[in-house]
Amino acid sequence: MYDMHGETVHFDTENNRLCLIDQTKLPNETVILSLHTAEEIYTAIARLQVRGAPAIGVAAAIGLAVLANESAAEASAEFEAEFRKNAAYLISARPTAVNLPWAVGEMQKAFSENRHKSLPEIKAALTRCALGLHAADIDVCRRIGEYGAPLLKNCRAVLTHCNAGRLAAVKYGTALAPVYIAKAQGHAVSVYADETRPLLQGARLTAYELQAAGIEVTAICDNMASYVMQNKLVDAVLVGCDRVARNGDTANKIGTSGVAALAKYYGIPFYVCAPYSTIDFSISSGAEIPIEQRDGAEIGEMWYQIPMLPKGVRTLNPAFDVTDRSLITAFITEKGVLQPSEF
Ligand code: MRU
C-alpha cells in the first residue's frame, strides 16, 4: 500500500498523483486512491471519498497541479484554457465549504503570477503552490490545537459532531486538534461522537480515528446529545465548520445548529474551530451561505441492506445547516481564540 506519511491527502510528486484515503470505505477497509484525471478528482470530492472542508481544498489544489503536469498542451493559451476549465469543474464538486474555491483561488493566483513564463515553469509553480497549501494546512491545524488545548484544561469530556479530525484535513484536523494536542501535553480528554446521520461521519470516521489514536471515544446517536448534556457527561462542544460569514454565522454539518442550541440551553461552551481559510469575508451573514442538497437515497437506502423508507416517500437532505453566531462561545483559529469582531 502507498505510504501516506500519516496524512489523509498526499501529493505523490514522483508519480504525479493525488493520493487519498477513501473515506467511503472506512472504518472497514483502508483503501488508498491514486488519482490523475479531472473526472476521478471531481468524483472523489463529490462522493465524499475525500471530505471535510480543509481536506477538499487541499485535494483540489493538488488535483489542479496534477492535471497541469499531465497536460499535453503546447501553446500557453491552450494550457490556460485547460487550467481554467479544470478549476471551474473542481469548484463545482461541492458548494458549501468555502475552502474549495479558496484553495482553487490560491492556485489561480499562482497561475496568474507566473503566466508570462514557460509552460514547465508554470507547472513547477503550480506544484509548489499545491505543496505549500498542503504544508500550511498541517501548520494551521496544529496551531488551532495549541490555542484550543488550554480551553480543555478543566474538561473531562467533549462532544463533537461529524468529523472535523485528522480525516477532514491533511493531518490534525480542526475540532479534534485541541484534543490531540491536550493528549500530547499529558491531559486525556474523552470524546462523545455524534454518529451524524445520514452519512455517519461521526460513527465511521471520528470514532475510527480517535480509537486509532488511543483517545477514549463514545459513539452516540444524534438524538442522544441532549441526554449527554443534561446528565453532565460533557464539559464543552467542539465542532468544525465549512463556511463562516463575517458576522460569525457558521455553516457546518447538518445537525450542528441543534447541538449548539442544546449547548446554550444547558450552559455548555460551544466552540467552532475555524481556519481562516473557512472564513468567507465576502458575505455578511449566514443567509448567504449556499447549502448543499444531496440525494435522498442517503437517508433511506444507502447504508441499509434493505430500504428503510416506504417506496415513494419524499426526502429532504440538506448536508449542512447554519448555526447562529449568538450560540457560539468563541472561534478557535490559528490566530487565537476570537470573537467575529476580531476576525
Ligand atoms: O460533508 P462533509 O463530511 O464534508 O462535512 C464535513 C463537516 O461538516 C466538517 O465538520 C467540516 O468540513 C469541518 S472539517 C475540519
Side-chain angles (χ1 to χ4, degrees), residues 7-9 20-24 26 44-60 93-103 137-138 140-145 148 158-180 191 193-206 208-209 222 237-244 250-260 270-280 289-295 298-299 302-303 317-323 328 331-334:
E7 297 171 359
T8 302
V9 182
L20 305 169
I21 298 175
D22 182 349
Q23 300 194 32
T24 62
L26 291 172
I45 297 172
R47 286 196 53 233
L48 276 55
Q49 288 174 307
V50 59
R51 31 72 47 207
I56 61 179
V58 173
R94 294 195 77 189
T96 302
V98 75
N99 305 60
L100 181 54
W102 174 81
D137 181 75
I138 298 175
V140 160
C141 289
R142 188 183 38 73
R143 280 192 279 151
I144 288 174
V158 298
L159 178 87
T160 192
H161 191 74
C162 194
N163 173 264
R166 162 177 95 74
L167 289 165
V170 177
K171 207 164 185 172
Y172 295 97
T174 59
L176 296 184
V179 175
Y180 286 130
V191 178
D194 283 349
E195 65 174 346
T196 316
R197 287 269 294 146
L199 294 184
L200 305 177
Q201 289 95 331
R204 295 186 301 108
L205 307 176
T206 298
Y208 167 81
E209 71 163 82
D222 296 330
V237 178
L238 293 174
V239 296
C241 53
D242 286 78
R243 195 184 291 235
V244 181
T250 294
N252 190 47
K253 180 50 54 190
I254 188 72
T256 303
S257 67
V259 175
F270 182 93
Y271 296 110
V272 172
C273 298
Y276 258 67
S277 55
T278 310
I279 305 174
D280 186 347
I289 300 176
I291 299 294
E292 176 180 9
Q293 303 290 331
R294 294 185 65 87
D295 190 340
E298 291 178 347
I299 295 178
M302 194 168 153
W303 300 100
N317 188 17
F320 300 93
D321 62 20
V322 176
T323 298
I328 298 168
F331 291 82
I332 309 175
T333 75
E334 69 271 32

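Counting begins at 1 with the first residue of the sequence. Note that ligands are numbered from 1 as they come in the structure, with each ligand's atoms numbered from 1 the same way. Keep in mind that the numbers below use all heavy atoms, side chains included, and drop hydrogens, waters and symmetry copies.
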K253 vs N163, test: side chain to side chain contact (heavy atoms under 4.5 Å, CB included). Steps then yes/no.
CA-CA 9 Å; K253 180 50 54 190; N163 173 264; over 6 Å; no

In sequence, state the C-alpha distance, the side-chain angles, and the governing distance for T196 and D194, and then conclude on side chain to side chain donor-acceptor pair (under 3.5 Å).
CA-CA 5 Å; T196 316; D194 283 349; 5.6 Å; no

Verdict with reasoning, S257 to D321, per side chain to side chain donor-acceptor pair (under 3.5 Å):
CA-CA 6 Å; S257 67; D321 62 20; 3.0 Å; yes

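On a distance-only criterion, G52 and ligand 1 share at least one N/O pair closer than 3.5 Å. Polar contact with ligand 1: absent for T174 (N/O pair, distance under 3.5 Å). Backbone and side-chain nitrogen or oxygen atoms of R51 are examined, and one is located within less than 3.5 angstrom of a nitrogen or oxygen of ligand 1. Between A53 and ligand 1, at least one N/O pair is under 3.5 Å apart.
Atoms of ligand 1 found under 4.0 Å from any heavy atom of P54, numbered from 1 in the order shown, are 14 (S), 15 (C). For ligand 1, the atoms lying closer than 4.0 Å to a non-hydrogen atom of C162 are 5 (O), 6 (C), 7 (C), 8 (O). Of all the atoms in ligand 1, the ones that sit under 4.0 Å from a non-hydrogen atom of Q201 are 1 (O), 2 (P), 3 (O). Ligand-side atoms of ligand 1 in range of A168: 14 (S), 15 (C), range being under 4.0 angstrom from any heavy atom.
Looking only at heavy atoms of the protein, atom 11 (C) of ligand 1 is closest to D242 OD1, 3.0 Å. Protein heavy atom at the shortest distance from atom 10 (O) of ligand 1 is N252 OD1, 2.6 Å. In this structure, atom 5 (O) of ligand 1 lies nearest to the protein heavy atom K253 CE, 3.3 Å.
Counting heavy atoms from C-beta outward, N252 and V272 have side chains that stay 4.5 Å or more apart. Put simply, the side chain of H161 reaches to within 4.5 Å of the side chain of D222, judged on heavy atoms. Using a 4.5 Å heavy-atom threshold, the side chains of L48 and Q201 count as touching.
Nearest to atom 4 (O) of ligand 1 by heavy atom, out of R94, R243, R294, is R94.
A donor and an acceptor atom, one from each side chain of E209 and Y180, are located under 3.5 Å apart.
The shell of residues lying under 4.0 angstrom from ligand 1, judged by heavy atoms, excludes I56. Not close to ligand 1: G173, with no non-hydrogen atom less than 4.0 angstrom away.
Partner of F270 under the side chain to side chain contact (heavy atoms under 4.5 Å, CB included) criterion, chosen from T256, L159, L238: T256.
Of all the heavy atoms of T278, none lies under 4.0 Å from any atom of ligand 1, so neither backbone nor side chain is involved.
We find the CD1-CZ distance between I45 and R94 to be 9.5 Å, quoted to the nearest 0.5 Å.
The backbone N or O of P198 lies less than 3.5 Å from a partner atom in the side chain of W303, making a donor-acceptor pair.
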